[in-house]
Amino acid sequence: MVMGRPPFGTRIHGEVEGDRQSVRDEVQAIVRAVPAGRVVTYGWISRRMAGRISPLAVGWMLHRCPDDVPWQRVVNASGRCSTDRLGDMPQGLQRAMLEGEGVEFREDGSIELERWMWQPV
DNA sequence: ATTCTGACATCCA
DNA sequence: ATGGATGCCAGAA
């Protein structure tokens, strides 16, 4: 009865051959592929990698990443900028960067994902 | 809205 | 090293 089954997160550890390094590289490659003026979500990246990494872990990997990785194009499932809760980052920086790329925000500060989510062919 | 749970890379003691 | 807490999440109750 109960319990929701884990939608994501097949373990990285265990018999899986991909080490954390390669997984990290893959995450960064995906983010780098997102064009300016578009966004994706943590969960989307997780799903795209067949659950080999959890959405939360995606965020962790983006915490410290090379300068050529457009981390600002990754938002949460509600279309909000999670970085504003970090404290070690200027409030509104992510939003400002996205607006600079043409992304528009609603009154409540969220992004309409249906419209701005990147849909790769 | 709020709370809990699953998942996991990092951090810190 | 190693156990527990924390965190750029997401989904279910």
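Per chain, numbering begins at 1; letters A, B, ... match sequence-line order.
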Spacing of [X] atom [atom1] relative to [N] atom [atom2], expressed in whole Å:
X      : N      : atom1 : atom2 : answer
A:M61  : B:dC11 : CE    : P     : 12 Å
A:I53  : B:dG6  : CD1   : C1'   : 15 Å
A:L113 : C:dA10 : CG    : C1'   : 13 Å
A:I45  : B:dA9  : CD1   : C1'   : 15 Å
A:M49  : B:dA9  : CE    : P     : 11 Å

Using a 4.0 Å cut-off on heavy atoms, which residues in residues 76-83 of chain A reach DNA chain C? List them by number, or say none.
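Contacts with DNA chain C under 4.0 Å: A:N76, A:A77, A:S82, A:T83.
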Pairs satisfying salt bridge (Lys or Arg N to Asp or Glu O under 4.0 Å), at least one member in residues 89-99 of chain A, at least two apart:
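Passing the test, one end in residues 89-99 of chain A: A:R95-A:E99.
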Could you note down all residue pairs passing salt bridge (Lys or Arg N to Asp or Glu O under 4.0 Å) where residues 29-39 of chain A supplies at least one of them, sequence neighbours left out?
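Listed by first then second residue: A:R32-A:D68.
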Show the atom names and distances, to 0.1 Å, of all donor-acceptor pairs under 3.5 Å that link a side chain in residues 113-121 of chain A to residues at least two apart or in another chain.
none

Taking only N and O in the side chain of A:R47, is any of them less than 4.0 Å away from OP1 or OP2 of C:dC9?
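For C:dC9, neither OP1 nor OP2 has a side-chain N or O of A:R47 closer than 4.0 Å.
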Would you say A:R52 places a side-chain N or O within less than 4.0 Å of OP1 or OP2 belonging to B:dA7?
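No, outside the criterion.
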Apply side chain to side chain donor-acceptor pair (under 3.5 Å) to A:E26 and list each qualifying residue two or more places apart in sequence or on a separate chain.
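Scan of A:E26 (side chain to side chain donor-acceptor pair (under 3.5 Å), adjacent residues dropped) gives A:R52.
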Residue list, side chain to side chain donor-acceptor pair (under 3.5 Å) with A:T41, at least two apart or on another chain:
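Partners of A:T41 under the side chain to side chain donor-acceptor pair (under 3.5 Å) test: none.
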Check the hydrophobic clustering (I, L, V, M, F, W, Y; side-chain heavy atoms under 4.5 Å; chains of links allowed) and say if A:V39 and A:L62 are grouped together.
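Yes, it is one cluster - the side chains of A:V39 and A:L62 are joined through contacts under 4.5 Å.
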The criterion is salt bridge (Lys or Arg N to Asp or Glu O under 4.0 Å); which residues satisfy it with A:D108, sequence neighbours excluded?
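A:D108 satisfies salt bridge (Lys or Arg N to Asp or Glu O under 4.0 Å) with A:R80 only.
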If you check every side-chain atom of A:R85, which of C:dC9, B:dA9, B:dC8 has the closest atom?
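Between C:dC9, B:dA9, B:dC8, the one nearest the side chain of A:R85 would be C:dC9.
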Listed partners of A:Q91 passing side chain to side chain contact (heavy atoms under 4.5 Å, CB included), at least two apart
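Side chain to side chain contact (heavy atoms under 4.5 Å, CB included) list for A:Q91, sorted by chain: A:D84.
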Tell me, please, which residues at least two apart from A:I30 pass side chain to side chain contact (heavy atoms under 4.5 Å, CB included).
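Result, side chain to side chain contact (heavy atoms under 4.5 Å, CB included) vs A:I30: A:W44, A:I45, A:R48, A:M49.
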Among pairs that include at least one residue of residues 55-67 of chain A, which meet side-chain hydrogen bond (donor to acceptor under 3.5 Å, both in side chains), considering only residues two or more places apart or in two chains?
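Every side-chain hydrogen bond (donor to acceptor under 3.5 Å, both in side chains) pair that includes a residue of residues 55-67 of chain A, provided the two are not neighbours, is A:H63-A:D88.
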Protein-nucleotides 1-3 of chain B N/O pairs under 3.5 Å:
none

Whole-angstrom distance between C:dA5 and B:dC4, as gauged at atom P:
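It works out to 16 Å between them.
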My understanding is that only one of A:E101, A:M97, A:Q94 makes a side-chain contact (heavy atoms from CB on, under 4.5 Å) with A:R73; could you say which?
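Running side-chain contact (heavy atoms from CB on, under 4.5 Å) over A:E101, A:M97, A:Q94 with A:R73 returns exactly one hit, A:E101.
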Taking only N/O atoms, report every protein-nucleotides 3-7 of chain C pair under 3.5 Å with atom names and distance.
{"unit_1": "C:dG7", "atom_1": "N2", "unit_2": "A:W60", "atom_2": "NE1", "d": "3.1"}
{"unit_1": "C:dG7", "atom_1": "N3", "unit_2": "A:W60", "atom_2": "NE1", "d": "2.8"}

